[in-house]
Number of protein chains: 2
Amino acid sequence: MPRYESEFPPFFVTVDLVILTIRDGELCVLLVERGGEPFQGRLALPGGFVHIDEDLRDAAYRELKEEAGIGKRHVVLEQLGTYGAPHRDPRDRVVTVAWLALGSDLPEPRAGTDAAAAEWLPVDRALSRRTRLAFDHRQILVDGVERARAKLEYTGYAAALIPQPFTIGELHAVYESVWGQDLDRANFQRKVVGLPGFLKDTGQSREGGKGRPARLFTADHTAALAPPFMRS
Amino acid sequence: MPRYESEFPPFFVTVDLVILTIRDGELCVLLVERGGEPFQGRLALPGGFVHIDEDLRDAAYRELKEEAGIGKRHVVLEQLGTYGAPHRDPRDRVVTVAWLALGSDLPEPRAGTDAAAAEWLPVDRALSRRTRLAFDHRQILVDGVERARAKLEYTGYAAALIPQPFTIGELHAVYESVWGQDLDRANFQRKVVGLPGFLKDTGQSREGGKGRPARLFTADHTAALAPPFMRS
DNA sequence: CCAAAAGTGTTGCTCCTACACCCATGC
DNA sequence: GCATGGGTGTAGGAGCAACACTTTTGG
């Protein structure tokens, strides 16, 4: 029998996911339309209740699979923060642990999900005035995007946003999409290949495109980038 | 009546605090001795249950006051992460939101606290093999210290660890204590005064010590440091 | 005077920026 | 050949590490 129950209040604990990927050169987030109250009909981050014997990270992976059809091998997952304002859910006391997931080549939302209506939305649009998200999900999304932007500076996270192997040009496009800013192509090339422990040359090339074939690399997205890339 | 109760399990939610300060030139953390089960007699991070109508940050501030006698104006508080492995508390399902607090001139633990035995322990000692902390608090402490170290690189957090106003020498000592590494005094001086928007010269000097009097500065600990300080 | 701590100068090197330029492919 | 994207060269400058030096106080 729980020892604390008489004395302390029970909470509901959920996980919510900020799932980011690049589609058509734009940074996009997966949103689902809520089928029930509260906030019925509004767009929300995918997520759900944590099970009683489940680790928080496992709950995030489970929701990733259930709501988005994405397996754990296709994303990098990191804890973003926990949101627990007393009335963030108008009906109960719900504390949510938000997670940031970065992936590439993620499936069109549909296969075997609860959420009937799920869609990839460019983050600019998801954060525009006209889009009203459920709960405090706008804030969570803002925090997630900012975290992703910051992490590109000093980790190899960008590599999680494109299928491997990739060309330097593709990696360059990821940085420009996420940061929304132009970066000198030539200097980018030198800098990124010179970073110790980040890229691994496969020896292959991408044939068949326009122009000179590009070398293909794989990358370790857990690598620390030193010195960091700067946005400015 | 809660809508979700029949369907989803209740959790207990706590906050735990990694409170860091500099004492005698060493980075120290506040630990309390547990008075009851579980883990009776072991050292633990201060913390406690979140109230039913309380924001998570407010709960952290309340525990800071109750367990350590520290008011919110004396620290900088930021969310560190949430820990919720199923059996981290052997008796109930408890999810804890950990917070990192940095302060200066913090009181000796005693005044009006529940925790009879609280003490400042150098971080090195708190993380040594011989010290066994309750729950998963060792991991939380490790994460907190690493976060603090990282944040000194690109924010003005160091200023939160010394009383204001302070001299460059004192700030220098903070960096060396937290990073456990020597930094060239002369280069430190130039770099830190040159960072835009970080230090503000008060026009005063610290008299009465040995050697030439040092200028006194105040700082904005929320400042972003660009370019960042590097540890290497 | 000397010791001690604050603060400045200087030098050589590294890295970055802003280009210009060459390379390898498809058509 | 030309267009297109990949990749390298280079000159100038900004910033940094290392260390010598000067300044201002107390005794």
Side-chain angles (χ1 to χ4, degrees), chain A residues 24-25 152-154 158-159 162 164-177 179 181-219 224-232, chain B residues 25 152-154 158 162 164-177 179 181-219 224-232:
Chain A
D24 302 322
L152 289 210
E153 292 193 358
Y154 55 94
I162 29 173
Q164 311 237 346
F166 53 83
T167 69
I168 304 292
E170 290 159 359
L171 188 65
H172 181 235
V174 169
Y175 272 87
E176 291 196 335
S177 301
W179 284 349
Q181 151 180 144
D182 290 346
L183 297 171
D184 184 279
R185 193 179 52 80
N187 294 331
F188 181 89
Q189 177 121 206
R190 249 185 312 253
K191 176 137 189 183
V192 82
V193 304
L195 283 169
F198 182 30
L199 295 183
K200 206 162 61 179
D201 194 333
T202 62
Q204 316 274 97
S205 290
R206 169 101 68 223
E207 319 274 343
K210 295 183 191 174
R212 171 175 169 178
R215 283 184 290 167
L216 286 167
F217 295 85
T218 57
L225 269 37
F229 260 97
M230 300 305 266
R231 279 189 255 191
S232 61
Chain B
L152 289 210
E153 293 195 356
Y154 56 94
I162 29 172
Q164 313 237 345
F166 54 84
T167 68
I168 304 293
E170 289 160 358
L171 188 65
H172 181 234
V174 169
Y175 273 87
E176 291 196 335
S177 301
W179 285 349
Q181 152 179 141
D182 290 347
L183 297 171
D184 183 277
R185 194 179 52 76
N187 294 331
F188 182 90
Q189 177 120 203
R190 250 185 312 253
K191 175 135 189 185
V192 83
V193 304
L195 282 168
F198 181 31
L199 295 183
K200 204 163 63 179
D201 194 334
T202 63
Q204 316 272 98
S205 290
R206 168 102 67 222
E207 319 275 342
K210 294 182 189 174
R212 170 173 170 179
R215 283 184 291 167
L216 286 168
F217 295 84
T218 57
L225 269 36
F229 261 98
M230 299 306 265
R231 278 189 255 192
S232 62

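These numbers were taken from a predicted model, which means no experiment stands behind them. Letters A, B, ... are given to chains in the order of the sequence lines, protein chains preceding strands, and every chain is numbered from 1.
When rounded to the nearest whole Å, the span between CG of B:N187 and C1' of C:dT8 equals 11 Å. Between B:L195 atom CG and D:dG15 atom P there is a gap of 11 Å when expressed in whole angstrom units. Here C:dT8 presents its C1' atom at 13 Å from CG of B:D184, a figure rounded to the nearest Å. If you measure from atom CZ of B:R215 to atom C1' of C:dT8, you get 11 Å, rounded to the nearest angstrom. Look at CZ on A:F188: it is 14 Å from P on D:dT8, rounded to the nearest Å. Rounded to whole Å, the distance from CD on A:E170 to P on D:dT4 is 19 Å. Rounded to an integer number of Å, the gap from CZ of A:F229 to C1' of C:dT17 is 14 Å. Rounded to an integer number of Å, the gap from A:Q189 CD to C:dC21 C1' is 14 Å.
Mapped onto DNA chain D by nearest heavy atom, B:A186 and B:P228 fall at different nucleotides, with B:P228 at the one closer to the 5' end.
At D:dC16, one or more side-chain N or O atoms of B:K191 fall inside 4.0 Å of OP1 or OP2 (strictly under the cut-off). Neither OP1 nor OP2 of C:dT8 sits under 4.0 Å from any side-chain N or O of B:R190.
In this pair, B:F229 and B:F188 present their aromatic rings tilted. The plane angle is within the 30 to 60° band.
Listed for the B:T202 side chain is a donor-acceptor partner under 3.5 Å among the backbone atoms of B:L216. Remark: the backbone N or O of B:P213 is not paired with any side-chain donor or acceptor of B:E207 at under 3.5 angstrom. Between the B:Y175 side chain and the B:L152 main chain, a donor and an acceptor come within less than 3.5 Å of each other.
Of the listed nucleotides (C:dA18, C:dC16, C:dA5), C:dC16 has the atom at the smallest distance from the side chain of A:P227. When the nucleotides D:dG5, D:dG6, C:dG7 are ranked by their closest atom to the side chain of A:K210, D:dG5 comes out on top.
You won't find any donor-acceptor pair under 3.5 Å spanning the side chain of B:R212 and the base of D:dG26, going by distance alone. One donor-acceptor pair, N or O on each side, does fall under 3.5 Å between the base of D:dG7 and the side chain of A:R185.
Residue A:G209 is classed as a sugar-phosphate contact, given heavy-atom separations below 4.0 Å to backbone atoms only.
Taking 4.5 Å as the limit, some side-chain heavy atom of A:F217 sits within range of a side-chain heavy atom of A:F166.
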